[in-house]
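These notes concern the structure reproduced below.
Residue numbering restarts at 1 for every chain, and letters A, B, ... go by the order of the sequence lines.
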Protein chains: 2
Amino acid sequence: MRSPEALAQRFRETDRKVTPQRIAVFEALDKGAGHSTAEQVHSSVAENLPTISLKTVYEILRELSELGELVMLDLGTGAVRYDHNLVLHHHLVCNECGAVVDIPAHLTDLQLDGVQDLGVSVSTAELVLRGSCSRCNTQDPKQPSNK
Amino acid sequence: MRSPEALAQRFRETDRKVTPQRIAVFEALDKGAGHSTAEQVHSSVAENLPTISLKTVYEILRELSELGELVMLDLGTGAVRYDHNLVLHHHLVCNECGAVVDIPAHLTDLQLDGVQDLGVSVSTAELVLRGSCSRCNTQDPKQPSNK
DNA sequence: AACCAGACAACAATCATTGTTGATTGGGGT
DNA sequence: ACCCCAATCAACAATGATTGTTGTCTGGTT
């Protein structure tokens with residue numbers, strides 16, 4: 001994730017206006033968890049800017065993903081996640097608490113060598129693991145944390 | 001995918017009734033493409049059984065997935081896909097026509113050796129590739145086919 | 001300070017999916 | 001064969017995430 005200032009700069013460079021709403025979203029993302037939903041970003045922003053609409057948050061997030069500053073992730077958890085982490089990695093969705101954990105790509109090894117034989121071409125590969133996160137693994141008596 | 005007869009048998013064994021609607025869904029799945037949406041199954045069934053409701057189709061599909069006879073797949077294409085193929089495999093979603101292509105697992109090699117160090121435990125791994133299918137690869141001038 | 005494209009908030013709409021309800025029916029036990 | 005009742009059904013309403021519409025407002029350049 002780039003700093004709020006860098007994102008503001010990027011917006012100016014691409015002829016977008018840097019509004020209070022946008023600054024607030026940049027900052028919420030910066031201090032946020034890393035795989036927030038639009039709803040979560042909106043809640044966070046609304047603490048300081050109560051009038052901001054959810055629609056506006058959706059628009060700003062979409063623009064950020066168009067600029068490649070974040071990645072939209074559909075992990076089958078109901079709502080799209082907006083991922084700051086621009087370095088190649090994978091995800092584990094905790095079956096117990098719903099948390100999303102980054103899995104560094106170097107911990108996995110994907111060999112797709114045989115795939116071309118099917119006549120397809122692959123542009124992206126997304127590995128979704130399901131299981132339980134370290135927190136739920138240790139303190140098992142289920143305590144829903146962040147969805 | 002098991003035969004419609006085998007599914008009927010399975011339903012009887014688990015104290016479920018074998019209704020005309022269920023038989024029709026079993027048969028639609030049997031002759032269908034392999035990653036149908038609920039909507040597609042409903043359309044197919046409705047050709048012979050015009051009064052069946054979409055809700056009923058959803059219920060039958062959910063029961064089949066509870067029995068492990070098919071797998072619900074959310075590939076980020078808007079609607080859940082119901083997958084007949086019970087053998088481990090992965091999926092490629094065509095960015096051009098939206099088709100879903102099975103990728104046999106033996107064509108890929110997933111090494112997850114380093115993952116435990118994070119304290120997580122992995123129960124399932126789902127690899128989603130995006131790119132273009134063999135059809136769109138050859139006859140490029142885009143022709144939307146089956147979504 | 002004025003301008004105006006772009007951004008905003010409020011509101012309605014959409015789409016996949018699930019909940020509710022009240023009528024209907026399959027099939028095991030008599 | 002008949003009864004019975006839980007299981008199933010269809011119609012309808014509701015949900016939740018997301019997007020479309022519209023008319024007003026504002027950031028940042030002139």
| Rounded distance (Å) that lies between atom P of D:dC5 and atom CZ of B:Arg16 | 23 Å
| field | Option among B:Asp102, B:Asn85, B:Thr77 that satisfies the side chain to side chain donor-acceptor pair (under 3.5 Å) test with B:His35 | value | B:Asp102
| said: For a quick check, tell me whether the side chain of A:Lys17 and the base of C:dA5 share a donor-acceptor pair closer than 3.5 Å. | reply: yes
| message | Quick check on DNA chain C: between B:Thr19 and A:Ile60, whose nearest nucleotide comes earlier from the 5' end? | response | A:Ile60
| query | Which nucleotide, C:dG19, C:dA16, D:dA17, lies nearest any side-chain atom of B:Lys55? | reply | C:dG19
| Does a side-chain N-to-carboxylate-O contact under 4.0 Å join B:Arg62 and B:Glu66? | yes
| query | How many Å lie between CG on A:Leu49 and C1' on C:dC8, as a whole number? | reply | 11 Å
| said: Measure CD1/B:Ile52 against P/D:dT8 and give the value in whole Å, please. | reply: 13 Å
| remark: Considering only heavy side-chain atoms of A:Ala38, the closest of D:dT18, C:dG19, D:dC9 is D:dT18
| Toward the 5' end of DNA chain C, by each residue's nearest nucleotide, B:Val18 or B:Glu59 | B:Glu59
| message | Whole angstroms only, please: what is the CD-P distance between B:Gln9 and C:dG27? | response | 12 Å
| D:dG27 phosphate, OP1 or OP2: any side-chain N/O from A:Arg22 under 4.0 angstrom? | no
| note | In whole angstroms, the gap separating C1' of C:dT24 from CD of B:Gln21 amounts to 11 Å
| In whole angstroms, how far is the C1' atom of D:dA17 from the CZ atom of A:Arg81? | 13 Å
| B:Val120 and A:Cys133: which non-hydrogen atoms are nearest, and at how many Å? | CG1-CA, 3.9 Å
| query | Between D:dT8 atom P and B:Arg12 atom CZ, what is the distance in whole Å? | reply | 13 Å
| field | Candidates C:dT18, C:dA9, D:dA10 - which lies nearest the side chain of A:Ser53 | value | C:dA9
| How long is the line joining CZ of A:Arg62 and C1' of C:dA7, in whole Å? | 12 Å
| If you measure from CG on B:Leu92 to CZ on B:Arg130, what distance do you get to the nearest 0.5 Å? | 9.0 Å
| request: With the side chain of A:Ala79 defined as its heavy atoms from C-beta on, choose the nearest nucleotide among C:dC8, C:dA16, D:dT18. | output: D:dT18
| Closest to the A:Thr56 side chain: C:dC8, D:dA10, C:dT17? | C:dC8
| message | Checking side chain to side chain contact (heavy atoms under 4.5 Å, CB included) between B:Pro4 and each of B:Leu29, B:Ile23, B:Val25, B:Asp30, which is the one that passes? | response | B:Asp30
